[in-house]
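Chain letters run A, B, ... following the sequence lines, proteins first, then strands; residues in each count from 1.
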2 protein chains.
Amino acid sequence: MVIAAGPVPSMEDAQSASQDDGVGQSRTRSLSVTDRIRSAILSGDFAPGERLREVQLSETLGVSRTPIRSALQALASEGLLDYAPNRGYAVRSFQTAEIVDAYEIRAMMEALAARFAAERGLTDAERRVVEGALADGDALLAKGSLQDEDRVTYGAINFAFHDAIHSAARCRMLGEMIRLCQSVAPSSHRNIVAFEFEDVRRRHDDHHRIYDAILARDSYRAEILMREHVASVRSSLVRSMLKRGSGSPASGAAGTVADRARAVS
Amino acid sequence: MVIAAGPVPSMEDAQSASQDDGVGQSRTRSLSVTDRIRSAILSGDFAPGERLREVQLSETLGVSRTPIRSALQALASEGLLDYAPNRGYAVRSFQTAEIVDAYEIRAMMEALAARFAAERGLTDAERRVVEGALADGDALLAKGSLQDEDRVTYGAINFAFHDAIHSAARCRMLGEMIRLCQSVAPSSHRNIVAFEFEDVRRRHDDHHRIYDAILARDSYRAEILMREHVASVRSSLVRSMLKRGSGSPASGAAGTVADRARAVS
DNA sequence: TCAACTCAGAATGTATACATTTCTGCACAT
DNA sequence: ATGTGCAGAAATGTATACATTCTGAGTTGA
């Protein structure tokens with residue numbers, strides 16, 4: 001791949017990182033490096049299947065191999081890298097089928113989160129967030145059409161809605177698994193920008209119904225509504241992939257992280 | 001009953017099986033140490049919330065801190081340990097509620113795996129394993145009652161059945177997530193020993209029906225049957241917990257891994 | 001008596017040297 | 001031309017020394 005000069009965004013951070021700002025939160029080098037490498041992978045700075053060499057990364061990022069190794073192991077457990085003993089780490093190349101499957105899994109998990117939320121109820125704070133997201137979405141959609149920046153805004157609204165429900169589910173493992181799914185497939189708050197106005201309107205209507213079900217403690221309805229809500233995102237994704245002809249899972253290296261980002265942008 | 005020492009049957013075996021064919025153990029110290037510490041945690045050798053100190057572990061296991069650190073990080077990402085920067089790792093103490101929730105999540109994931117298996121079909125090898133598990137179970141149940149060793153045998157049969165379906169789902173992420181659920185809650189092939197004869201008979205009948213649905217490519221039926229199949233295990237677990245009075249999630253440290261193992265043994 | 005401070009001890013974080021394995025390139029033989 | 005085998009290089013695995021941070025006992029002061 002071609003990362004020679006400007007590999008990771010801003011490698012001069014090594015200095016600013018040392019002086020950090022006042023709130024001395026003791027973030028270790030390992031954690032910082034993990035974030036930076038993760039960003040680089042998600043930005044598509046590495047080709048799919050490309051090996052990440054420890055010495056090279058340590059020189060680029062200005063730290064020793066120790067925090068690099070820790071970061072690579074963490075990213076492998078997040079599913080972003082593949083690991084083989086004595087051979088090291090490589091950027092995982094996702095097949096189109098894997099991305100679609102991840103949406104299926106996420107649909108099940110989000111549905112379960114909605115059911116839990118309905119069973120367990122929302123805190124006042126969570127209720128405020130959800131109702132704010134619904135109101136903001138209503139206002140945005142009242143314009144009758146969406147500009148690109150509006151779609152970005154709705155992406156944030158969408159994320160807030162779902163995040164509040166994950167929180168209300170009161171289940172740490174569920175949240176972690178949904179995050180895993182999102183690391184494979186672009187999260188809905190990022191690919192929402194690909195949808196037409198009517199698609200967004202429909203999704204927002206889903207949000208209203210889901211919240212109604214949760215408020216009514218109708219856990220069954222909340223679950224099936226959320227499942228269809230997320231599954232429909234998957235369907236849209238499949239449709240857009242087919243339209244662009246990038247849906248052929250033939251070549252082994254097809255469907256990189258960058259490809260995914262591009263496909264839904 | 002105490003959980004037998006040794007690593008739990010897991011999907012990691014797929015990797016080692018593909019690489020070291022009996023002779024050269026190219027498994028690194030990090031991987032071996034990870035297995036040993038995992039077994040110790042699952043055996044209840046550590047109290048919930050107990051800190052795992054690197055130097056102590058390195059002296060006990062006879063390796064340096066480096067592979068220890070790697071193992072602890074891996075176990076934390078598996079959900080068995082909690083981590084705090086500059087403070088290290090501690091055995092995660094599971095609440096009763098978390099264990100029950102894990103069964104809910106697993107029910108959804110296994111149901112999805114059954115649906116995928118129905119949609120995608122089984123290989124000849126997978127079909128042989130499933131049919132063997134069904135036949136072996138039939139033979140075992142024909143006796144009309146079960147001794148303790150029979151229950152252990154059925155545990156293995158049960159594991160083989162489910163494992164073949166996970167394999168047939170053709171979805172790596174799904175397999176990983178089911179493994180995560182099993183690391184929190186004892187897997188059905190281990191706690192099956194707690195059930196009465198009629199319970200086992202019912203579960204085995206479920207297996208027959210699930211396989212029928214998969215063979216018939218009836219993905220919807222396979223899904224709902226599997227979901228109820230796993231969810232019923234959760235119900236049995238809750239019942240047995242209540243019976244033993246260990247279901248109070250009051251004290252913060254209640255519900256250790258060891259407690260869980262004991263509760264279903 | 002209690003609060004806060006000091007400072008040693010210990011634990012974790014990082015860097016680096018060394019060990020082992022894997023990859024690569026070339027010579028050589030078939 | 002292709003396959004084999006053997007160094008040499010390079011990459012990963014491990015051990016260890018050093019740096020930084022946390023913890024807690026003891027002391028001091030109000």
Inset, instruction - Select base, sugar-phosphate, or nothing to describe what A:Leu52 touches, counting heavy atoms under 4.0 Å on all strands. - result: sugar-phosphate

Legend entry - Closest to the B:Val55 side chain, choosing from C:dT12, D:dG13, D:dT12: C:dT12

Legend entry - Test side chain to side chain donor-acceptor pair (under 3.5 Å) applied to B:Arg115 - qualifying residues, sequence neighbours left out: A:Glu104, B:Glu119, B:Glu223

Inset, instruction - Pick base, sugar-phosphate or nothing for B:Arg69, based on heavy-atom distances below 4.0 Å to the nucleic acid. - result: base

Inset, instruction - Find the distance A:Arg87:CZ to D:dT12:C1' and express it as a whole number of Å. - result: 12 Å

Legend entry - For B:Glu54, all residues meeting side chain to side chain donor-acceptor pair (under 3.5 Å), sequence neighbours excluded: B:Arg65, B:Arg69

Legend entry - C:dG13 base / A:Arg27 side chain donor-acceptor hit below 3.5 Å: no

Inset, instruction - State which of D:dT14, D:dT12, C:dG13 makes the closest approach to the side chain of A:Arg53. - result: D:dT12

Inset, instruction - Answer with base, sugar-phosphate or nothing: what part of the nucleic acid does B:Ser70 contact at a heavy-atom distance below 4.0 Å? - result: nothing

Inset, instruction - Return the minimal non-hydrogen interatomic distance between A:Pro67 and A:Val33, and the atom names on each side. - result: O-CG1, 4.3 Å

Inset, instruction - Using a 4.5 Å cut-off on heavy atoms from C-beta on, say whether the side chain of A:Ile178 contacts that of A:Glu110. - result: yes

Inset, instruction - With DNA chain D as reference, determine whether B:Arg65 or A:Glu54 sits nearer its 5' end, using the nearest nucleotide of each. - result: A:Glu54

Legend entry - Atom-pair distance (CD on A:Gln73; P on D:dT14), nearest Å: 11 Å

Inset, instruction - Just compare C:dT21, D:dT14, C:dT12 and give me whichever is closest to any side-chain atom of A:Asn86. - result: C:dT21

Legend entry - Closest to side chain of B:Ser64, choosing from C:dA15, D:dT16, D:dA11: D:dT16

Inset, instruction - In whole angstrom, give the distance that lies between atom CG of B:Leu31 and atom C1' of D:dT12. - result: 13 Å

Inset, instruction - Measure from the side-chain heavy atoms of A:Tyr83 and tell me the nearest of C:dT16, D:dG13, D:dA15. - result: D:dG13

